[in-house]
Amino acid sequence: MTRDAARQADVGHSHTNPEADLVAALWEEVPFPRLPFDAPAELKELVVEVENPKRVYQVHRASRRHNFQLLVEKFILQLRYGCDYDSCPTPSCFKCRKRLAGKAPIRRYSPSSARTLAIYMASQDNAESRMCPYLQTPQGPSDAIKPLIFGPSGRVTKEPREGHAFKQVNGHARSGSPGQKDAPRVKPRVSRAGNKDASEAHNRNNSAISRDSQPSSLSSLAPQISIRERPASKDYRSFAANVFGTVAFKMLEWLTPNNMEAISNDAYKAAHQQEIVDSDADDAEDSLFLPSATSAPSSVDNEQENTPDSSIRPERSPSETPNQGPDVDGIGKSPDRGFDNSTSDPSVEIRPGHTRKHSSNRLRTSSISKPQIKVPKEHFSDAHPDDARLISPRISLLEQATKSLMSRSSSNVSRRSSDDKLPKIVSGEQPVEADEALNADDQKHELDGVNGGDASSVGETLPSVYTPNELGASNLDNQASSSTPELDDLLPQSLCRLSFPAINLLCDILQEDGTAENHLFESPTVSGILKRSPMKSKPWKRQRKVERPYPRNLKLEWKLFVEQSIFNVLSDPQAILDSFTSHRGLVDSQSLWYCMLRMTRVAPSVVFDSLWVASASLFAPPKALQSSRSPTAKVFPTQGRSLTNKEAGFILAVCFHALVAAAPFVTDSRQLLDMSRIRSRGLILAESGGVARQSSRLCLLYQDAFSDDMALRLARRLLAAIPTRRYFDELIEHDLDSNDEEGSAEPDVLDTLLDHLEYSPPTETTPSLNFSHAEREMHEKRIPILMLDWARAVMLNDWEGRPDVSGDGSFGGALCLIAAMHRKKNSLLLADVAFRAEYFGDRLDPIEVPVSWLAFNSTRRKVHLLDYPYIFHPSSLVSYFRAINFSRMSRSYEESSSLQSRIRAIIEPESLVTDLHQKSVLQDLLKTPSAKFLILDIGRKTVIRDAFDQLWRREKRELMRPLKVHLGEDSGEEGFDSGGVQQEFFRLAIAEALNPDYGAFTIDERTRMTWFQPGSLQPEWKFELIGLLISLAVYNGLTLPITFPKALYQKLLGEPVTELHHIADGWPDLANGLTTLLEWDEKDGAVEDVFARTYEFSISMFGQPVSRQMEGSKGTPWPQFSRHPAADSLASSNPDDAPLVTGDNRNAYVSDYIRYLTDISIAPQFAAFARGFRTCLRPKSLRLLTPSLLQSIVEGTQEIDIADLRRATRYVSWDANHRTVRDFWSIVKRYDDRMKRKLLEFVTASDRVPVGGMRNVQFVVQKNGEEEGEDGHLPTAYTCYGTLLLPEYRDKEVLRERLAMALENAQGFGFA
């Protein structure tokens, strides 16, 4: 296709589309992938023609690289020089920085700094959004090439010409006989696409592509040009100068179109000088490589003639093209792009190559038959909405081409091979391998970023090159009834979908041929025991008849075809669904993971880039929002095919499995969990320490996988799509409500994704792969853990150090994914530790962050990290919870102190109030508001009564103050409360309040668990005061000697109690019985016959059995004793004919029984208790806690580890190795649990270990003199300070006796 012919409809327009020109130029230059001749027959059935240039991977990759270079060039200009708008709002623009600096001096970015920042900014998603809108397009070369010096580097060497001649025209090799006459050099043609700028852009774009396709063997024919930088001072100690000042970074600037044009001019001048020196050694063939000095025009319009650019194309008529036979040596001849599938003989003669420049050279038909086009069915990616209009530019010239009759009989259309530098295969003989050409090809692929895998972010939508009118759509419709063999051979080929055998075949080919992409993923290849094949299916293999070294040109043909097939399928959402779904849904998770594992080990860059393109369809609004009846139709115009939430969930599942497959393949679940913990702390290496211990090699392999630019970019887009899909659901729901319509809402996109992980349904059309039971168990652990690791990786990379984060980007999507997985953690087999990202907790302020969170209101755009407490370590959450309580306590204390200071100023003798009576009255009125502490005077014999009397009807502001307790002062105790007296008070008060003799609570004899007495005798206000007592203890940071079942804390936090494991700790026997009922197999007998249970809830109240038939979800209130003074009246209402529990209703029976046990039977008592419990605690602060964590805060831990206690102990006037100290720990280590609790209570006033373990216990052993006689002092303790006063006894036996006596008789205070 020529630019002139293709743009005939645009003649007369004053503008052109540079992106369309780029795609058109790339379509002309890139090698076309074709299915090699030795492909199996099963694979040929999946092959389709690719007519859309943007669906060709080589075009896509080259355009992405080109756009990335343009972005880097623009960002450097923006950073260093800025725009011309004085009020520029772009922060990175130099003009904006200069305006914000005012009169202060501002330093311009150095070239290295600007280059580094520009590359980073261009690599981000939506990089165009960071571009200054007032920035002018760069004109001319940048400063980056000014330090370059061009010059000849040596003499020109030439290869011998005997045997073959080698010419190069526009990057395409031609061969001929030695005596063949050379074609005359002609004047380069200038494109007439529109204007000079378009021509220059076209030539620049072509030059970047065709120059790469020059065979390396030609480098010996051209003058050697030396390009070097001018010497400059460089600080070799500077990290930035040594890393970001390398040639690899600088080439991103050098290879931009403007700079390439200038470099080409300078290189031409240097080459021209060398050509004059060596003119005596040149012959006529050299004119095809370097124009002569006399032929270089000086006019501006023809400045392209001065540029030794591969975009210069000599025009030649069809008759001028030599009709060459096959080259015997196989070198210098453009090989065929592939082999005709209809020809089974591999020795078929290959047609000569062509340059794909003129329509008359491409399509030659007879004057009798009229060629017709068969357009294959193809799914275009939703990432390019206009791709449906973009078809092969060659088709637009069909009518013109059919009118051009060729004089030669061999009018078949020639196709370029996968690389024009590869040898030919003629008559089945072994070809001569051109090592130089293959090396050049490898270099070209490496420069294109296949091995490097650049992470540039280019525009998601490229406008189409030609409209249907320009392509002559009416003519195409008339000609679509039959197929033209010439046209079929001309177009690229690809697979339309992927199957398990096809994936195995393609990946095996790349591995066997050694053409797989180099990568850092572990394991490097999938072979041996890791390989799996579909059940009841034979593996596909290439058709190789003779055992011989496989031709290298066919290896690269396969490489191009495999990359194109992966790109064509994985970049199209519909093709993904066709490949990995059936009528029953998505293929099972492990088979899908295996497919992605195979592909990511041979072509990871292609896989991740293709899935990144396909994931753009997740952002397309659903059809419901594009409907004309929808109020949002104007916001979301009609686009191409959109995805339902179910389909979007499938696409997410495929993409996430690809990311999981990129992680190192480990078979030990312990390693998997350890690496997850290490990375949750933001660490790369953690070979030692308390986090986890894994080898440095495994840690670095994880880092390589989770820092891969292409994979990380895909993860960001996937996570950003999650909140977008949820916004679409909200808009659809809003539309249904506004239109008063009834419709079934689609399932949430994350529900579809996670359901696939929970349950893998069998499929019929796509058979699952065969895995062992152990492998499936490992996979069930691997997938959710690594998905959480990817979410954390994105969060750690995008976090800016603030507790408030974006709620609608990739960070918000990661939080949504973690939240959804946390809700289904039981079905996903995930523990709480798997969700933690302790990196954030280690870096957030433990005081300011939780306090500010109380006033923070989360929105769609902004959320707070503390809204997701499960990502924090429990110790951090406890710190935040107590920081909130301490902040409220401090505020109340400061308010009271301030008021007390003002009152003191009023009652002073010099104050304005002189009346003593008025001063006294004023003091009495303000006594309560000005008190700094909440003071309770408690008698040791009337603990609970005094506590109730003094807490009843207290103002809330009084309860918020620090607590001080005077205990037993009426009986002469001298307790000074610094914490120990409070602990003793709560221990006594709670023990009396929970005494079963009062009829308010019951205690299980086996578990010692405390629970409410259904229909209690006690009034509800007493339950409220008991709840207030517990609330005061938690508010003041104290633990209590109580044991409630976890169901109580679930109810206090608003979580439902519906499962058997919720009541297992409080009622283990009942839970076991109900479990047996549910698991009973009726083959051994009917449920009603074996268990003989009636559908009622029964309990003993005051010695009488009281039962009620259980009803629906609501149920009737449980009878209260206050309404029925006689117990007989309660039992008289027991049902006589309750139905039996059967196999059909046993599940409902268990659910109703749990509900009656934990809710209906104790509803009024719990409601009063909960009111009192929430008095001192902020409801929002309770959202930080889980039931287990709240239980630890209230009750502490009953298990006491003496070894941990010894490690946490400090010594005063003692040495840790002293004989008495060693004897003390030797005695304590042999104590039973009861004596251990007594020791801890004797020193700290509490027999429970606080949450966080022994490290939060203050335990000090202080020397208290020497005791030589038998009547010495006993050990004593300062409970407020956690200090044990231990005398030095003469031997171990005396120490054991005195210590036991002190622990058994410890009660009351002296100075505590």
Salt bridge (charged side-chain N to carboxylate O under 4.0 Å, His left out) between R670 and D674, intermediate numbers included: CA-CA 6 Å; R670 186 62 185 174; D674 285 349; 3.6 Å; yes
What distance separates R716 CZ from M795 CE, expressed to the nearest 0.5 Å? 13.0 Å
For the residue pair D588 / S591, report whether a side-chain donor-acceptor contact shorter than 3.5 Å exists. yes
Begin with the C-alpha distance, continue with both residues' side-chain angles, and end with the deciding distance and a verdict on side-chain hydrogen bond (donor to acceptor under 3.5 Å, both in side chains) for D798 and S810. CA-CA 8 Å; D798 295 351; S810 58; 2.8 Å; yes
Side-chain heavy-atom pair L718, W612 within 4.5 angstrom cut-off: no
Thinking salt bridges, do E838 and R677 make one under a 4.0 Å N-O criterion? no
Describe, in one word, how the ring planes of H756 and H657 are oriented to each other, choosing from parallel (under 30°), tilted (30 to 60°) and perpendicular (over 60°). perpendicular
If you apply the rule side-chain contact (heavy atoms from CB on, under 4.5 Å), what do you find for V606 with M599, and how did you get there? CA-CA 9 Å; V606 184; M599 290 188 287; over 6 Å; no
State whether K541 and D508 are salt-bridged, where the test is any N-O pair (Lys NZ or Arg NE/NH1/NH2 against Asp/Glu carboxylate O) under 4.0 Å. no
Show your reasoning for whether side-chain hydrogen bond (donor to acceptor under 3.5 Å, both in side chains) applies to Q511 and T525. CA-CA 7 Å; Q511 288 184 185; T525 59; 4.9 Å; no
Is the closest side-chain heavy-atom distance between E775 and M778 below 4.5 Å? no
Between the CG atom in L828 and the CE atom in M787, the distance rounded to the nearest 0.5 Å is 8.5 Å
Counting C-beta onward and ignoring hydrogens, is there a side-chain heavy-atom pair between D832 and Y870 closer than 4.5 Å? no
Start with the C-alpha gap between E512 and R542, add the side-chain angles, then the distance that decides, and say whether side-chain contact (heavy atoms from CB on, under 4.5 Å) holds. CA-CA 11 Å; E512 293 171 2; R542 286 185 286 192; 3.5 Å; yes
Looking at every non-hydrogen atom in both residues, tell me the closest pair between W593 and A661 and how far apart they are. NE1-CA, 3.7 Å
Determine whether E557 and N553 satisfy the following criterion, side-chain hydrogen bond (donor to acceptor under 3.5 Å, both in side chains), listing intermediate values before the conclusion. CA-CA 6 Å; E557 273 195 64; N553 63 331; 4.7 Å; no
Assess whether side-chain hydrogen bond (donor to acceptor under 3.5 Å, both in side chains) is satisfied between N770 and R532, documenting all intermediate values. CA-CA 7 Å; N770 188 19; R532 293 292 184 274; over 6 Å; no
Write down the atom of A791, the atom of L817, and the distance for their closest heavy-atom approach. CB-CD2, 4.3 Å
Take E780 and R776 through the test salt bridge (charged side-chain N to carboxylate O under 4.0 Å, His left out) and record every step on the way to the result. CA-CA 6 Å; E780 290 178 355; R776 292 197 175 276; over 6 Å; no
CG on L611 to CZ on R713, rounded to 0.5 Å: 11.0 Å
What heavy-atom pair brings A575 and V569 nearest, and what distance separates the two atoms? CB-O, 3.5 Å
Compute both the distance and the angle, then confirm whether R55 meets the cation-pi test with F567: under 6.0 Å from the six-membered ring centre, within 45 degrees of the axis. yes
Under 6.0 Å from the NZ atom of K781, do we count more than 12 heavy atoms belonging to anything else shown? no
Taking atom NE2 of H773 as the centre, report whether more than 12 heavy atoms of other residues, nucleotides or ligands fall under 6.0 Å from it. no
Going by heavy atoms in the side chains, are Y550 and D513 under 4.5 Å from each other? yes
Between H60 and D609, does any side-chain donor sit less than 3.5 Å from a side-chain acceptor? yes
Looking just at side-chain N and O atoms, do T752 and N645 make a donor-acceptor pair shorter than 3.5 Å? no
Could you please spell out the steps behind the side-chain contact (heavy atoms from CB on, under 4.5 Å) verdict for V47 and S494? CA-CA 5 Å; V47 174; S494 172; over 6 Å; no
Quick one: CG on L719 to OG1 on T724, what's the gap to the nearest 0.5 Å? 11.0 Å
Would you say Q493 and E49 are linked by a side-chain donor-acceptor pair, where the criterion is simply a distance under 3.5 Å? yes
For a 4.5 angstrom cut-off between non-hydrogen side-chain atoms, does L788 reach I818? yes
For residues F656 and W790, establish whether the separation of their ring centroids is below 6.0 Å. no
Compare every heavy atom of I684 with every heavy atom of I678, then report the nearest pair and how far apart it is. CG2-O, 4.4 Å
Could you state the interatomic distance from CG (L498) to OG (S579), rounded to the nearest 0.5 Å? 4.5 Å
Taking atom OG of S610 and atom CE of M710, what is their separation to the nearest 0.5 Å? 8.0 Å
Classify the angle between the aromatic ring planes of H822 and F835 as parallel (below 30°), tilted (30 to 60°) or perpendicular (above 60°). perpendicular
Is R601 paired with E517 through a side-chain N to carboxylate O contact shorter than 4.0 Å? no
Does R726 reach the side chain of C816, with side-chain heavy atoms less than 4.5 Å apart? yes
R792 side chain to G682 main-chain N or O, any donor-acceptor pair under 3.5 Å? no
Please state whether the rings of F561 and W558 are parallel, tilted or perpendicular, taking 30° and 60° as the class boundaries. perpendicular
For the residue pair P40 and Q543, what are the closest heavy atoms and their distance? CA-NE2, 3.7 Å
Less than 6.0 angstrom from the centroid, inside 45 degrees of the normal: does R598 satisfy that with respect to the ring of F500? no
Please report the shortest heavy-atom distance between M675 and L698, naming the atom on each side. CG-CD2, 3.9 Å
Without swapping roles, check the side chain of K559 against the backbone of T515 for a donor-acceptor pair under 3.5 Å. yes
With a 4.5 Å limit on heavy-atom distance, are the side chains of L495 and N568 in contact? no
With a 4.5 Å cut-off on side-chain heavy atoms, are K646 and V749 touching? no
Test side-chain contact (heavy atoms from CB on, under 4.5 Å) on Q703 and R679 and set out the steps. CA-CA 9 Å; Q703 178 63 16; R679 298 195 63 82; 3.3 Å; yes
